[in-house]
Every structure is written in structure tokens, then in C-alpha cells.
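Every chain is numbered from 1, with letters handed out A, B, ... down the list of sequences.
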Amino acid sequence: MFALVDCNNFYVSCERVFNPALNGRPVVVLSNNDGCVVARSPEAKALGIKMGEPAFKLDTLFRQYRVAVCSSNYQLYGDMSQRVMNTLSQFAPEIEVYSIDEAFLNWNGIPEDLEALGRRIRATVRKHTGIPVSVGIGSTKVLAKVANDCAKKAPENDGVFLLDGREKTEKLLARLEIGEIWGIGRKHAALLNRYGIQTAAEFIRMPDGWIRKHLTVVGLRIKEELLGISCLPLELMAPTKKAICTSRSFGESQSELEPLREAVATFAAQCGYKLRKQRTCAGVMTVFLQTNRFNSDEPQHNPHYTMVLPVATQSDLELIRYALEVLHKIYRPGYRYKKAGVIVSAIVPEEQVQGSLFDTVDRPKHRALMQTLDRINLRYGLATVKAAAQVGDSGWKLRREKLSPCYTTRWSDIITVKA
DNA sequence: TCTGGGGTCCTAGGACCC
DNA sequence: TCTGGGGTCCTAGGACCC
């Protein structure tokens, strides 16, 4: 058996933990740059606010219904997520942290009443962190997802749903639209609908060959999982990433080279940090620029260029140097760039880097320098020490007008309680 | 004026090898 | 007159997830 524990409207719940005045009110959290709605409280959902809707289109509605609007605060959410995951790991021998707000638990051979265990999890996470969660229990990961959906949507389940027994499962799948199933996205749902398949029950009646032809082996696995045959194992170790991307939309569009240099240098350094964190080096780097695709009357330019590095690296200084080289290649004056990014790939373990006869970089020195830099920044806060290329007047920086404090990760932001 | 930021997996087709 | 059969690797594109 698997349990899927999912935090209810996680980002909103994090904000509410530290600001109880947000309870009972419609609350939304916006994406980076205060762009789109990425989390909604139930009250906000009830107002018809859609996931991913651009915030500027909702201004009037926000005012009319006194919707509380928060910029996203990933430091806070990341830390709260860790606290939730720590609590969850006490409830299962194995746990897969699937995303910032979800985890699968291995409940094979647990002799207890699983529904009761689910309720205990809910109460404990609530007590330890203040975050409300839903627990879905099923014999495969896909069925646990289905169960979680029931736990969340039907109020009578009170946040916990155990999906067991053939009859119970069949009845549920007959009511479930195929597009609701984990792994069936919009395109596949539309395709299935065209063939007259509306529900999950109808889907699992289709022959294997047909599913394979139209939805590849991915679709076939989903069918098996819905039938109760587990083929998606728990993934306990997060695999090292094969590509790492750091990109941002700018608070304001940028035409000059200088702010773009600052931005691209910052993204390259961020990639370096992520590479070091998973103890890897990257051999290939892509830099891209984008103009605002929504301004169709503006000239568009979306260049990108990929460079093979002489020797795979994880040093900020080297990554920045190459990223700026590439930036100069692709930049053209006269365009208003809205977004830029750096992607590193061809990632290898740091102890398996292929050297070069003509290497001019003092690698041990870079390594020591980066270690020191990471230690300082860990202790004194993000980017306390950084490369000069990253420093500037920052016109490109994110817009985050409604940012909450970093209650749990910054001493100066720690919460004050008046009694 | 204002529209996010990450990732993964699978397949088909072409290049190349013996 | 006759022109094989088996692989691997890489990339682009499309689907999906949160």
C-alpha cells in the first residue's frame, strides 16, 4: 500500500501559519514577478479565480472581495516543506518526497488500521507545522493519487480516504473523468474524449495495444496502476539532475547590455551553486534571452546559444565567464528583453571530470574558493559574497511587492508574539 | 503597464558502426 | 541480375508533472 500526503493549498497555508488574519479570507499567492496566481485558498477558488491566471487581470476582483495577495516566498515554503517532510518520515519506513508539498509513503506490511494512521498523520503535521494535509491511501501510486483527490474534495472524508476493495475502486473510477488521472494531461484527455473515452473506468477497459499505440508505454503503466498492479516504484533517492536551469522574467524589460550581464552572471552563479550542491560539474551551457511574447506589436528576439565547455566545471567564476561570452554573442541592441536564463547540462559527478591537456584553470584553487564562498553564504545569508559581475543597480530584479517575511530562515524576520 | 520557473520521460528519425 | 542485418547514440519534439 501507498499513502500520498499532500499539503492543502500549500503556499497559502504557509502564509496563514504566520499570519492568522488570513484565515477565513480569500488568499492567493502569486508566481515570481507577481505574475500569475499559483496558489488559492478555498475562498479564492470559490470566487472563480483560476490557477495560472495573470494577476493584473484580477485587480478589480481582488479589490472587490478584499482578496489577500502575497508574492511568493520560496525560502519560507522550502523550509516549511522540510518540516512537514521530517514529520512524515516518522510514519513510514520509506518516503519519497515527490514535490515541495507532496510525499508518497511506503505502507507495505503495516499492520495498523491505515485510515486511523492517516488521521494521526493529519493531526501530527498540523500540530508540528500548522499545515493542513490530505492523505490518500491506495495499492498503487496512481490509486493513492485518486484517493487523495477524494480525501480533499469530499468534505465527509475529512481529509483522509482509504481506497481499498475492487468494488469500491470500480465505482469510483466510473465517476472519475479520465483527465483527472495523474499522468493524463490535457492533450491525452482530449484525444481519449475524441475516441469516446470519458471516464477512468472506460480507459482501463481499452486493449493494451490500443493504449500503447496512442499513449505509449506511459499510458499503459497508468492503466496497470489503475487496475491495482503497481509499476511505479517509490523513488527514495533523488537522482542527480541531468539539466539545471536558472531563469527569470525581469521586473522591467531591459535593452542595455549591462543589466543583462548582471542577470546572466547571477543565473550562472546560481547554476554553479546547484551543481555543487549535488556534487556534479556541467560540460555544456546554454544562455537564452527572450523579449515579451505578449507584446505582439514589439519586435521579437528570442536568441539562444549552446556552448561546449573545455572542461566540465562547477565554479561560479568559470560559469560566469562563459555565460557572459555567450551573452555577447546573442545580444542585439534595440530589443526589450523580458527574460533571460542559463541552462547547464552534460552533467557528470564531480570526481569524474575529464581533464584537458591544455587546461589553464587552477581547479583545486577554484574548488577551495567555492567551498569557502558556500560556507560564508550558508552562515551569513544568500549572496553575502558574490562575483563582482553579479553586482549592479539591479533594474532586472523581480517584482515582489507583497513579500512576507522569512519567518523561519532569517533571524531578523523571526515572528514576534504579543501576549 | 501588468502574463512563472523549474524538471522528466518517451519516440521517431538520422547518423554512424561492424 | 543481384544491393543485409543488426546495433548504438544523439537530437528534436511532444507529452507530462509540480
Practice task
For atom CD of A/E177, decide whether the heavy atoms of other residues, nucleotides or ligands shown that lie under 6.0 angstrom number more than 12.
Solution key: no
Handout entry: Per-nucleotide protein contact string for nucleotides 7-18 of chain C, where B marks a base within reach and S marks sugar-phosphate only (heavy atoms under 4.0 Å, - for neither)
Key = --------SSSS
Practice task
Run the salt-bridge test on A/E225 and A/R221 with the 4.0 Å N-O cut-off and return the result as yes or no.
Solution key: no
Problem - Protein-nucleotide distance (A/E401, atom CD; B/dC2, atom P), rounded to Å - result: 13 Å
Completion exercise
Taking pairs as Watson-Crick (N1-N3 plus N6-O4 or O6-N4) or G-U wobble (N1-O2 and O6-N3), each distance under 3.5 Å, the stems of three or more consecutive pairs with DNA chain B are B:5-18 with C:5-18
Practice task
Select base, sugar-phosphate, or nothing to describe what A/I244 touches, counting heavy atoms under 4.0 Å on all strands.
Solution key: sugar-phosphate
Problem - Salt bridge flag under 4.0 Å for residues A/R276 and A/D316 - result: yes
Problem - Side-chain N,O (A/K339) to OP1/OP2 (B/dG5) below 4.0 Å - result: yes
Handout entry: Cationic N near anionic O, under 4.0 Å, A/K402 to A/D34
Key = no
Practice task
Determine: side-chain N/O of A/S249 to OP1/OP2 of B/dG5, distance under 4.0 Å, yes or no.
Solution key: yes
Exercise for the section: Please say which of A/E351, A/E318, A/E350 ends up in a salt bridge (Lys or Arg N to Asp or Glu O under 4.0 Å) with A/R367. Expected result: A/E350
Problem - Distance, rounded to the nearest Å, where A/E298 contributes CD and B/dT3 contributes P - result: 11 Å
Practice task
Specify the separation, in whole Å, of atom CZ of A/R293 and atom C1' of B/dG4.
Solution key: 9 Å
Exercise for the section: Assign the ring pair A/Y77 / A/Y11 to parallel, tilted or perpendicular, where the plane angle (0 to 90°) is split at 30° and 60°. Expected result: parallel
Problem - Under 4.0 angstrom between A/S31 side-chain N/O and B/dT3 OP1 or OP2 - result: no
Exercise for the section: Using a heavy-atom cut-off of under 4.0 Å over every strand shown, decide if A/A55 touches base, sugar-phosphate, or nothing. Expected result: nothing
Completion exercise
Heavy-atom nearest nucleotide on DNA chain B taken for A/R336 and for A/T240; more 5' hit belongs to A/R336
Problem - Given B/dG6, B/dG4, B/dT3, the nucleotide with the shortest approach to the side chain of A/T246 - result: B/dG6
Handout entry: Sidechain N-carboxylate O distance under 4.0 Å for A/K145, A/D149
Key = no
Exercise for the section: Select from A/R221 and A/D59 the residue whose nearest nucleotide in DNA chain B is closer to the 5' end of that strand. Expected result: A/D59
Practice task
Name the orientation class of the two ring planes belonging to A/F104 and A/Y98 (parallel below 30°, tilted from 30 to 60°, perpendicular beyond 60°).
Solution key: perpendicular
Problem - Nearest-Å distance for atom pair CZ/C1', residues A/F294 and B/dT3 - result: 4 Å
Problem - N-O pairing of A/K277 and A/D374 below 4.0 Å - result: no
Problem - A/Y74 OH - B/dG6 C1' separation (whole Å) - result: 9 Å
Problem - Whole-Å distance separating the CZ atom of A/R400 from the P atom of B/dT3 - result: 16 Å
Problem - Contact under 4.0 Å: A/N292 side-chain N or O vs B/dT3 OP1/OP2 - result: yes
Exercise for the section: In whole angstrom, give me the gap between the P atoms of B/dT3 and C/dC18. Expected result: 25 Å
Handout entry: Spacing of A/L398 atom CG relative to B/dG5 atom P, expressed in whole Å
Key = 7 Å
Handout entry: Whole angstrom value for the distance that separates P of B/dG5 from CH2 of A/W396
Key = 11 Å
Handout entry: Distance below 4.0 Å between A/K338 side-chain N/O and B/dG4 OP1 or OP2
Key = no
Exercise for the section: Using the salt bridge (Lys or Arg N to Asp or Glu O under 4.0 Å) rule, pick out the option among A/E256, A/E252, A/E298 that qualifies with A/R336. Expected result: A/E298
